[in-house]
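All remarks here apply to the structure that follows.
Quick note: numbers below take in every heavy atom, side chains included, and nothing from hydrogens, waters or symmetry partners. Within every chain, numbering begins at 1; the chains are lettered A, B, ... in the order of the sequence lines, protein sequences first and strands thereafter.
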2 protein chains.
Amino acid sequence: MIALMTHPISMPSLRRLPLYLRLLEQWRAAGRTQVSCTHFADALGLDPTQVRKDLAAAGASGRPRVGYDLKQLRDTLARFLGWDNPGEAFLVGSGPLGRALLAYEGFAARGLTIVAVFDRAPAAQERIGDKPVLPLSKLPDLVRRMHVRIGILAVPAAEAEAVARTMAEAGIRGIWNFAPVRLDLGPRIVVEHIDLAQSLAVLRHRLAALEET
Amino acid sequence: MIALMTHPISMPSLRRLPLYLRLLEQWRAAGRTQVSCTHFADALGLDPTQVRKDLAAAGASGRPRVGYDLKQLRDTLARFLGWDNPGEAFLVGSGPLGRALLAYEGFAARGLTIVAVFDRAPAAQERIGDKPVLPLSKLPDLVRRMHVRIGILAVPAAEAEAVARTMAEAGIRGIWNFAPVRLDLGPRIVVEHIDLAQSLAVLRHRLAALEET
């Protein structure tokens, strides 16, 4: 189970917090101990007042003309984001995308551990690294026994809706959806979608605009 | 080279266009021939007026009380997004993420072909599917000879900045960045970032808020 502090915070502010944390880690590695809103603002092209508001929404307070203690600020943001409070997730989909997510270096540092991998029809004895690939039919029972609340969906578009419903019925409450399809599972399930098609559209459009200038 | 129509369009509108296209493809498969803004609005939880503005910004015009011809609208949006006008990209990074991107089913349908794969130090004769993995040192010459303008960055964070600079100096104009690091390469290079850490932060925060209710 995840226990995060949930101050009211806007989506744009929330999305900036990982950027601040990444900078704090870089600065800590470089030996810095104090930081100010202006440092963040300069590094990210933001307004210092906006930075201060974002940090305050995450529960961090600085001192006028001194700024923030770097380590304290890092701990506050990491706690707010749950990065110091490991959550467990089930991954469904053992194709290339599922394998990439399993190998991704960044999840552990951000408080997420993939504890099991499922597929609709795994080959006998199929493994990815040290993990066996389990048949999807075992997911509901394991969700209940292990109290896992996060499901990562890395299946083809045509299967996504059915797998997501299986997850939701089993007790998964948050779905991280990498399939290229929108899911509507009602208000009691959180769905966060990584949409590569959207991102690609933005890249190509901005590139075309640049090349016209 | 990509030649897209670049009407002025807001980022939120641009990001919604792939969603409309996906619906149009579903509806076409179901045999529909006419659609209205209300259909999109209902399916996506948007305001019909917003939908009409988005479609107009992409160059589509409907008829009052009739709506849009489905096929015509599909072609207009696909043309606007460049999906009917294949672009070529180089991929750098042959680890799990690079392999996943190469295997991803959706790029070809969205007008992007990965024409070569590079890695800093590929194993001799290394291949992914039908593609040899080339040493990064060959990238600049191939960018010039093949006029490739899009680079996909799927390397570890520590290498991302150096590889991005190599891409930019070789003539790559748009970088699709999957490495967990911000890149600042100046105004002549477009960078579109897929930030898994941000998305994960949003998922976990929304999940925590849901579980408090």
Should A:Glu192 and A:Arg15 count as an ion pair when the cut-off is N to O under 4.0 Å?
yes

Heavy-atom proximity to chain A below 4.5 Å, by part of B:Ile175:
backbone

State, to 0.1 Å, how close B:Ala164 and B:Leu185 come at their nearest heavy-atom pair, and which atoms those are.
CB-CD1, 3.9 Å

If you count heavy-atom pairs under 4.5 Å between each of A:Val191, A:Asp184, A:Leu17 and chain B, which one has the most?
A:Val191

Taking only residues two or more places apart in sequence or in another chain, which ones pass salt bridge (charged side-chain N to carboxylate O under 4.0 Å, His left out) with B:Arg99?
B:Glu126

With sequence neighbours excluded, tell me which residues meet side-chain hydrogen bond (donor to acceptor under 3.5 Å, both in side chains) with B:Glu161.
B:Arg165

Can you tell me which of B:Leu112, B:Leu97, B:Ile189, B:Leu196 forms the most heavy-atom pairs within a distance under 4.5 Å of chain A?
B:Leu196

Heavy-atom distance under 4.5 Å to chain A: side chain of B:Pro96, backbone, both or neither?
both

